[in-house]
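Scroll down for the structure; my scribbles are underneath it.
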Amino acid sequence: MTIKIIAVGKKHEKWVTQGIDRYETRLRKPWDVSWVYLPHSSLAEEQARAEESKRILEKVSSDDYLILLDERGKNLSSPELSALLNSNLGFKQVVLVIGGAYGVDESVRSRANTVWSLSKLVFPHQLVRLLLTEQIYRAGEIANNRPYHHV
Ligand SMILES: C[S@@+](CC[C@H](N)C(=O)[O-])C[C@H]1O[C@@H](n2cnc3c(N)ncnc32)[C@H](O)[C@@H]1O
């Protein structure tokens, strides 16, 4: 399974890099995770959201399974995420999107196959990168029946 994470903003900030590295170095094949960083728009809120959403969709193929991270989405348990990533659903690649400071607009929301909420709380973008990386690692461990995940 190929997993692409599209994140609005620069590379990871120093304080999350160590955490992300911790999980990514442990991630085992066959899951192959890569990051795409998109520049922040310098426009005002609504136009910035539209510009960043356009840039996001330019990186998504019609045959990708798109998961948008958004606090208004649905909750998934870790086993449910694992099953979702593991099932492949006939798609070549799963793409996960983390929006910028203003989130994304309706174009990305309506393209998304799943809108996934980590919590009703709004988290800062960089922290979402770290939480997502740990959850992908956890999902892989669940899929491979390894003991990292305890219920
Ligand atoms: C600072 S938040 C933006 C919040 C913004 N108010 C919005 O309307 O989306 C940056 C990004 O982090 C992700 N995010 C933040 N909290 C989240 C949560 N609880 N669940 C899922 N994704 C979240 C979303 O992708 C969001 O676009």
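All ligand and atom numbering here is 1-based and tracks the order in the structure. Positions are given from 1, in the same order as the sequence printed here.
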Atoms of ligand 1 less than 4.0 Å from [X] heavy atoms?
X    : result
W116 : 21 (C)
V122 : 4 (C), 16 (N)
F123 : 1 (C), 2 (S), 15 (C), 16 (N), 19 (N)
L69  : 21 (C), 22 (N), 24 (C), 25 (O)
L121 : 16 (N), 18 (C), 19 (N)
L118 : 18 (C), 20 (N), 21 (C)

Considering all heavy atoms of both residues, which atom of E71 and which atom of L121 are nearest to each other, and what is their separation? CB-O, 3.9 Å
Is the backbone N or O of S41 less than 3.5 Å from a side-chain atom of E51, with the two atoms forming a donor-acceptor pair by type? no
Nearest heavy atom to atom 3 (C) of ligand 1: which of G100, G73, G9 does it belong to? G100
Among A7, S119, G99, A101, closest by heavy atom to atom 5 (C) of ligand 1 is A101
Residue E58 excluded, over 12 heavy atoms near CD under 6.0 Å: yes
Report, as yes or no, whether the 6.0 Å neighbourhood of atom CZ on R26 holds more than 12 heavy atoms from other residues, nucleotides or ligands. yes
Proximity of V128 to ligand 1 by residue part, where a heavy atom lies under 4.0 Å: side chain
May I ask you to identify, for R72, whether its side chain, its backbone, both or neither come under 4.0 Å of ligand 1 on a heavy-atom basis? side chain
Considering only heavy atoms from C-beta outward, does the side chain of [X] approach that of [Y] to under 4.5 Å?
X    : Y   : value
W116 : L84 : no
K92  : T2  : no
V108 : L57 : yes

Checking side-chain contact (heavy atoms from CB on, under 4.5 Å) for the pair S78/Q135: CA distance, chi angles, key distance, verdict? CA-CA 7 Å; S78 295; Q135 284 301 313; 2.8 Å; yes
Under 3.5 Å between any N/O of D70 and any N/O of ligand 1: does that happen in this structure? yes
